[in-house]
Amino acid sequence: MSKPMLSTKEALDFLLSAVRPVCAARDGENLATIAANGRILAQDQSSLLNVPPVDNTQMDGYAVRASDCVSGETRLRVSQRIPAGHVAHALEPGTAARIFTGAMIPEGADAVVMQEQCLADGDFVMIKHQPKAGEWVRRQGEDIQAGATILKAGTRLRAQELGLAASVGLAQLPVLSQPRVAVFFTGDELTMPGEPLKSGAIYNSNRFTLTGLLQDLGCVITDYGIVPDKLDATRDTLRRASQDHDLIITSGGVSVGEEDHIRPAVEAEGNLNMWQIAMKPGKPLAFGEVGKAFFMGLPGNPVSSFVTFLLFVRPFILRMQGVEKVEPAAYHVRADFDWLKPDRRNEFLRARLNAEGGLDLFANQSSGVLTSTVWGDGLIDLAPGQSIRKGELVRYIPFSSLM
């Protein structure tokens with residue numbers, strides 16, 4: 001009697017419990033901060049300075065002593081002009097300093113009055129406001145204090161992290177080595193774009209989808225191409241791929257037909273530890289090890305391959321790189337459709353947000369309809385047996401949090 005299929009949660013928990021941070025075990029490198037986008041930070045990073053480094057102004061206007069402007073109609077002489085990046089002199093008593101956004105607050109000033117509340121008159125200015133001490137002043141170290149940790153090890157570096165690192169003077173960042181991933185695709189029906197399409201053949205879209213997703217995760221990819229539907233060819237490719245890769249990913253051949261050779265090949269060359277998940281699309285998902293490499297076998301149907309990669313392979317690779325937080329952001333969003341024929345498995349429906357803030361459903365939810373992944377902007381996570389009536393809230397995972 002066959003074992004019951006794992007739920008999606010059970011499967012993901014199993015995968016994450018089995019993964020080891022292989023990238024941290026190898027030597028990483030120091031990269032110029034501007035070149036570190038998408039990489040994983042190897043060590044905590046601390047600020048070299050206070051941000052802002054000195055008190056500065058948030059607005060164009062006039063730096064003053066608040067005690068000089070208690071009447072709300074005060075005429076002061078303009079004693080200096082302070083552009084951003086210039087050194088300010090101490091503010092003379094009873095005067096104002098013309099100042100521009102980001103410029104240093106002069107010693108003695110304790111407030112800035114925005115220029116819209118002032119009237120310039122030659123060498124004088126009429127302050128038509130009664131400022132409070134600290135108004136429009138950014139204090140030294142208000143954002144970041146020197147020595148404070150600004151980025152934690154295991155952070156996946158995005159544009160905003162690079163900007164933060166640069167803002168405190170970090171010209172280089174230590175990053176972990178990149179995951180080494182081998183991919184190959186099984187199916188005698190597969191043909192590459194640009195080649196004649198024979199009767200019964202299809203173009204190999206999964207090669208492009210999976211390679212693109214792996215590139216987005218910063219992987220070093222070895223593409224073994226299309227492998228014939230033969231057990232010996234599959235075993236040979238697995239052996240070669242296991243030599244110097246952290247992970248082997250295949251697409252197709254993971255079902256139980258006579259031409260599906262992935263399972264017996266993995267069992268012959270290594271261990272198969274997980275097989276089949278109670279989800280739709282994407283039931284046949286295999287996990288194991290071949291030599292020192294992890295193995296993940298994805299379904300051949302293009303939507304199934306895409307969805308299983310996002311939900312299982314992506315968090316696995318991130319954890320392999322030492323990233324702790326791998327769960328995607330999910331939201332409760334109103335469904336603007338009915339879904340009245342639920343499946344006994346966990347369904348992932350392709351949907352997109354509409355102008356009214358609800359979700360529209362792609363008309364054809366077949367696992368072979370790749371257009372649904374382009375039309376949609378996320379997945380509805382539907383529990384086994386769950387139906388949807390228009391107006392109900394559903395769990396929605398945007399693609400932006402899965403890539």
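Quick caveat, the model's predicted, so the values are computed rather than measured. Side chains included, hydrogens not; waters and symmetry mates left out as well; all remaining heavy atoms used.
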Discussion item. Applying side chain to side chain contact (heavy atoms under 4.5 Å, CB included) to Trp339 and Gln386, what does each step give before you reach the verdict?
Written reply: CA-CA 9 Å; Trp339 184 260; Gln386 181 182 351; over 6 Å; no

Worksheet entry | Asp60 (side chain) donor-acceptor with Thr101 (main chain) under 3.5 angstrom | yes

Fill in: Sub-4.5 Å side-chain heavy-atom contact between Met279 and Glu347
no

Worksheet item: Mind checking whether Gln145 and Ser47 have side chains closer than 4.5 Å, heavy atoms only?
Response: no

Item to complete: Check step by step if side chain to side chain contact (heavy atoms under 4.5 Å, CB included) holds for Leu311 and Thr8.
Response: CA-CA 9 Å; Leu311 296 178; Thr8 52; 5.8 Å; no

Fill in: Side-chain heavy atoms of Pro281 within contact of Arg350, under 4.5 Å
yes

Worksheet entry | Residue pair Met114 / Met59: nearest heavy atoms and the distance that separates them | CE-CE, 4.0 Å

Discussion item. Using the ring centroid of each side chain, check whether Phe306 and Phe399 are separated by less than 6.0 Å.
Written reply: yes

Discussion item. Here's a test for you: under side chain to side chain contact (heavy atoms under 4.5 Å, CB included), which of Asn364, Val303, Leu361, Leu349 qualifies with Ser372?
Written reply: Val303

Fill in: Interatomic spacing from CG in Leu31 to CG in Asn37 - rounded to 0.5 Å
11.0 Å

Discussion item. Are there over 12 heavy-atom neighbours, none belonging to Trp136, within less than 6.0 Å of that residue's CH2?
Written reply: no

Practice prompt. Give the intermediate values and the outcome of salt bridge (charged side-chain N to carboxylate O under 4.0 Å, His left out) for residues Asp232 and Lys230.
Written response: CA-CA 6 Å; Asp232 58 350; Lys230 295 180 180 178; over 6 Å; no

Worksheet item: Can Phe312 and Phe287 be said to form a ring-ring contact (aromatic ring centres under 6.0 Å, His included), step by step?
Response: CA-CA 10 Å; Phe312 299 102; Phe287 170 72; over 10 Å; no

Worksheet entry | Distance-minimising heavy-atom pair for Ala97 and Ile82 | CB-CD1, 3.8 Å

Worksheet entry | Heavy-atom neighbours of Ile34 CD1 exceed 12 at 6.0 Å | no

Item to complete: State, with a plain yes or no, whether a side-chain heavy atom of Ile105 is found less than 4.5 Å away from one of Val112.
Response: yes

Worksheet entry | Separation of Phe348 CZ from Ile380 CD1 (nearest 0.5 Å) | 11.5 Å

Worksheet item: Looking at Gln130, Gln58, His129, which one forms a side-chain hydrogen bond (donor to acceptor under 3.5 Å, both in side chains) with Glu135?
Response: His129

Worksheet entry | Greater than 12 external heavy atoms within 6.0 Å of Glu107's CD | no

Worksheet item: Is there a donor-acceptor pair closer than 3.5 Å between any side-chain N or O of Arg207 and the backbone N or O of Asp223?
Response: no

Discussion item. Do Ile317 and Leu214 have side chains that approach each other closer than 4.5 Å (heavy atoms only, starting at C-beta)?
Written reply: yes

Discussion item. Restricting to non-hydrogen atoms, name the atom on Gly218 and the atom on Gln178 that form the minimum distance, rounded to 0.1 Å.
Written reply: O-NE2, 3.1 Å

Worksheet item: Minimum heavy-atom separation for Trp375 to Asp360, with atom names?
Response: CH2-O, 3.7 Å

Discussion item. Is any side-chain heavy atom of Pro315 closer than 4.5 Å to one of Glu327?
Written reply: no

Worksheet item: Just by modelled atom types, is the Leu213 backbone N or O under 3.5 Å from a matching donor or acceptor in the Arg314 side chain?
Response: no

Worksheet entry | Distance (rounded to the nearest 0.5 Å) between Leu6 CG and Asn346 CG | 12.5 Å

Discussion item. Quick check for you: to the nearest 0.5 Å, what is the distance between Lys280 atom NZ and Arg344 atom CZ?
Written reply: 10.0 Å

Fill in: Heavy-atom donor-acceptor pair, Gln140 side chain to Pro53 backbone, under 3.5 Å
yes

Practice prompt. Just do the side chain to side chain contact (heavy atoms under 4.5 Å, CB included) check on Leu176 and Arg39 with the steps written out, would you?
Written response: CA-CA 7 Å; Leu176 297 177; Arg39 299 296 292 271; over 6 Å; no

Worksheet entry | Close side-chain approach of Asp338 and Arg389, heavy atoms under 4.5 Å | yes

Return a table of donor-acceptor pairs under 3.5 angstrom between the side chains of residues 15-22 and protein atoms on other chains or two or more places apart.
unit_1 : atom_1 : unit_2 : atom_2 : d
Ser17  : OG     : Asp13  : O      : 3.2
Ser17  : OG     : Phe14  : O      : 2.7
Arg20  : NH2    : Lys292 : O      : 3.0

Discussion item. Nearest 0.5 Å, please: how far is OG1 in Thr33 from CG in Leu170?
Written reply: 6.0 Å

Discussion item. Could you report the tightest heavy-atom contact between Ser251 and Ser305, atom names first, then the distance?
Written reply: OG-OG, 4.0 Å

Worksheet item: Taking Thr250 for the side chain and Phe184 for the main chain, is one N or O donor matched with an acceptor at less than 3.5 Å?
Response: no

Worksheet item: Could Arg98 and Tyr62 be counted as a cation-pi pair, given that NZ or CZ must be under 6.0 Å from the ring centre and within 45° of the axis?
Response: yes

Item to complete: Kindly indicate, with the supporting measurements, whether the criterion salt bridge (charged side-chain N to carboxylate O under 4.0 Å, His left out) is fulfilled by Asp244 and Arg180.
Response: CA-CA 8 Å; Asp244 52 5; Arg180 302 173 302 194; over 6 Å; no

Fill in: Under 3.5 Å: donor-acceptor pair, side chain of Asn50, backbone of Pro52
no

Item to complete: With rounding to the nearest 0.5 Å, note down the distance linking CG in Leu353 to OH in Tyr396.
Response: 4.0 Å

Item to complete: Indicate yes or no: at least one non-hydrogen side-chain atom of Gln45 is less than 4.5 angstrom from one of Leu173.
Response: yes

Fill in: Verdict with reasoning, Val266 to Ile248, per side chain to side chain contact (heavy atoms under 4.5 Å, CB included)
CA-CA 11 Å; Val266 174; Ile248 304 167; over 6 Å; no

Item to complete: Determine the minimum heavy-atom distance between Gly102 and Ala84, stating which atoms define it.
Response: C-CB, 4.1 Å

Listing, residues 147-158 side-chain donor-acceptor contacts under 3.5 Å, not counting sequence neighbours, or none:
unit_1 : atom_1 : unit_2 : atom_2 : d
Lys152 : NZ     : Asp44  : OD2    : 3.4
Thr155 : OG1    : Lys152 : O      : 2.6
Arg156 : NH2    : Asp216 : O      : 2.5
Arg158 : NE     : Glu161 : OE1    : 3.0
Arg158 : NE     : Glu161 : OE2    : 3.3
Arg158 : NH2    : Glu161 : OE2    : 2.8

Worksheet entry | Under 3.5 Å donor-acceptor, Ser242 side chain and Arg239 backbone | yes

